[in-house]
Amino acid sequence: MSQQTSTTGEADLSIDADWSELYIDGEWRAAESGELSDVENPATREVVAEVPKGGEADVDAAYEAAAAAQEEWANTTPDERARVVRTVAQLLEEYEDEICDLLAIESGGTKPRQAIEHGGAVTFVHDAASFAFRMSGRHNQSKIPGKENIVQREPVGTVGVISPWNVPMKLSIRAVAPAIATGNTVVLKPAGETPITGGLLIAKLFDMAGLPDGVLNVVTGPGSTAGDRTAAHPESDVIAFTGSTEVGRLVGQNAVDHFALPALELGGNNPHVVLEDADLDDAVDAGVFGSFWNQGQVCISINRHLVHESIYDEYAERLAERAAELPIGDPLDDDVVIGPIINEAQRDEMLEYVEQTIEEGATLETGGDHDGLFVEPTVLTDVTNDMTAACNEHFGPIAPIVPFSSDEEAIELANTSEYGLAGSVHSADRGRARDVADQIEVGMMHVNDQTVNVEPHVPFGGKKDSGMGRYNGDWILEEFTEVKWTSVQRESRDYPF
Ligand code: NAD
């Protein structure tokens, strides 16, 4: 039974709403274990909600409901599927204030992140609604006389979605909305840190939009149990995973074990390359945003600044000045840019990276300290590409700056990483920048900009250990549908025997 059944009623989407039930087969129900987990506000460290601690039995029930609902959902008209998805986009807009507060309270998202995450989710969902009408097939010639070849595009069946905590709503909905629009059913397992904005909120919105029972099922719970079962369940046909490379490798193996397609969006170590002829104002502006948006907790954030030796000192000085000025505090405060790190483990890891990098010979220009979960924006100079903060994905507000002396060296440094997600390059000569961009081994490259770019209609994804497959636009449509060849013999065929 729906908690909310109409889009016109005033739904409670605040942190004080009831978030204690899973959403399975259109019903809100307790986890099989009856257990609940606390949700903590990383800015205040207060427990702000309780969510169900789902496990394997709940995931099994979710897949059972998803499998049972799939055929009927796939047989609805594109118009019907598009209408539900469009309604979710409208609800996202209608409840913008409540949703942005949730993003701040649950995951430390400051105003600049709330705006980009919420606005991005709205455009992604609007775009996904059009997918219902974009499942085009084709008609091919045949080498056999009198034969007609028809290639149809069909939903894959059931999609398992496993999402991270750093941009939780958008990274869940970018998979859920296109999967549903293309006639699939879904089991969503959000991250343990963000069960509401990454999962239960999305269930509420689709429920309010009138999605039929079983089409979307949301199970909150630990990665090692609920997550593992989501990836390993034989009923899933695609596993859309966004998270770390380490977990992605396990998830991919689990998916392949039952021949589900792994769609993996993983970690990154993204270079921001500044050539000596770059406009320094633009390069620094881009560097500040790309390193410090969402406290650097972004797979596509700038992990390393590679700067030509002739402008190195000036770039470093300006970046450090700007970093030191960024307001730190509670994300509910409109002026704050740097909110809290999601949890202690993440904070401790990034601070250790900074400490080790200084021990290895780097100079701390600004930052390096913390207050609770608030880590100061940190700029490090005299860094080499193999120092700890440069060669690891630090996932924090940390900007190690590495010098280089030629375009060739910049390209080599940029490519010396197991990751290949995103990159950026600045130069006054756009042709030269394009030449450099073409040689950097990443899935997404930006000239005279920074690395944090996402658009609903262009491909998003990485090379090397940054993943497999591409999200967004026609590329996600490919992953969530499969083609079927049907041939029709219109006249008697002449067989050889
Ligand atoms: P994570 O890999 O720890 O967790 C991601 C999800 O996997 C969570 O829902 C978690 O509960 C689940 N999980 C954990 N163990 C599991 C298991 N054994 N089986 C199945 N699921 C399991 O990642 P995170 O800490 O939430 O997010 C940060 C990482 O995600 C970073 O490495 C970042 O670069 C990456 N990321 C990538 C993208 C991208 O699009 N490429 C976007 C955002 C984040």
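Since the structure is predicted, the reported quantities are computational estimates derived from the model, not experimental observations. One-based numbering, in listed order, for ligands and for the atoms of each.
Close approach of ligand 1 to Leu171 (heavy-atom distance below 4.0 Å) involves ligand atoms 42 (C), 43 (C). Close contacts of ligand 1 with Trp165, meaning ligand atoms under 4.0 Å from a residue heavy atom, involve 24 (P), 25 (O), 26 (O), 27 (O). Listed by number with element, the atoms of ligand 1 under 4.0 Å from a non-hydrogen atom of Cys299 are 33 (C), 34 (O), 36 (N), 37 (C), 38 (C), 39 (C), 40 (O), 41 (N), 42 (C), 43 (C), 44 (C). The distance from ligand 1 to the heavy atoms of Arg174 drops below 4.0 Å at these ligand atoms: 40 (O). Those atoms of ligand 1 that come under 4.0 Å of a heavy atom in Pro190, given as number and element, are 9 (O). Every atom of ligand 1 with a heavy atom of Asn166 under 4.0 Å away is listed here by number and element: 43 (C), 44 (C). For ligand 1 and Glu393, the ligand atoms under 4.0 Å from any heavy atom of the residue are 31 (C), 32 (O), 33 (C), 34 (O). Near Glu265, with a cut-off below 4.0 Å to any heavy atom, the atoms of ligand 1 are 37 (C), 38 (C), 39 (C), 40 (O), 41 (N).
Of the options Thr225, Ile342, Thr242, the smallest heavy-atom separation from atom 5 (C) of ligand 1 is shown by Thr242. The closest heavy-atom contact to atom 3 (O) of ligand 1, among the options Ser244, Ala255, Ala422, comes from Ser244. For atom 22 (C) of ligand 1, the nearest non-hydrogen atom from the set Val247, Leu250, Thr230, Asn303 belongs to Val247. The option with the heavy atom closest to atom 17 (C) of ligand 1, from among Gly227, Ser301, Gly223, is Gly223.
Protein heavy atoms are found less than 4.0 angstrom from atom 15 (N) of ligand 1.
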Begin with the C-alpha distance, continue with both residues' side-chain angles, and end with the deciding distance and a verdict on side chain to side chain contact (heavy atoms under 4.5 Å, CB included) for His126 and Glu93. CA-CA 11 Å; His126 270 300; Glu93 291 181 287; 3.7 Å; yes
Apply side chain to side chain contact (heavy atoms under 4.5 Å, CB included) to the pair Ile196 and Ile15, showing each step before the final yes or no. CA-CA 9 Å; Ile196 298 173; Ile15 195 69; 3.8 Å; yes
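The single protein non-hydrogen atom nearest to atom 12 (C) of ligand 1 is Ile162 CG2, 3.7 Å, given as residue, atom name and distance. Taking atom 27 (O) of ligand 1 as the reference point, the nearest protein heavy-atom neighbour is Pro164 CB, 3.5 Å. Considering only non-hydrogen protein atoms, atom 41 (N) of ligand 1 sits nearest to Leu266 O, 2.8 Å. The nearest heavy-atom contact from the protein to atom 11 (O) of ligand 1 is Lys189 NZ, 2.7 Å.
Scanning all heavy atoms of the two residues, the minimum distance from Glu235 to Thr158 falls at O-CB, 3.7 Å.
Residue Glu246 places its CD atom among 12 or fewer non-hydrogen atoms of other residues, nucleotides or ligands, all under 6.0 Å distant.
Taking the side chain as every heavy atom from C-beta outward, Asn472 and Pro456 never approach each other to under 4.5 Å. Looking only at side-chain heavy atoms (C-beta outward), His272 and His426 come within less than 4.5 Å of each other.
Take Glu478 and apply the side chain to side chain contact (heavy atoms under 4.5 Å, CB included) test, not counting sequence neighbours, and it matches Arg153.
Of all the heavy atoms of Phe395, the ones lying under 4.0 Å from any atom of ligand 1 belong exclusively to the side chain.
Contact analysis puts Ser163 in contact with ligand 1, with a non-hydrogen atom separation below 4.0 angstrom. Heavy-atom separations between Phe241 and ligand 1 include at least one value shorter than 4.0 Å.
Both the sub-6.0 Å distance and the 45° axial angle are satisfied by Arg174 relative to the ring of Tyr471.
Using a 30° and 60° split on the angle between ring planes, Tyr63 and His233 fall in the parallel class, below 30°. Between Tyr315 and His305, the ring planes lie tilted relative to each other; the angle falls in the 30° to 60° range.
When only interatomic distances are considered, the shortest N/O to N/O separation between Gly243 and ligand 1 falls below 3.5 Å.
Within the structure, every pair that satisfies the side-chain hydrogen bond (donor to acceptor under 3.5 Å, both in side chains) test and touches residues 260-270, not counting sequence neighbours, is listed here: Asn269-Asn303, Asn269-Arg304.
For the 3.5 Å distance criterion, the side chains of Trp73 and Asn184 fail to qualify, holding no donor opposite an acceptor. Judged purely by distance below 3.5 Å, without hydrogens or angles, the side chains of Asn217 and Tyr23 never pair a donor atom with an acceptor atom.
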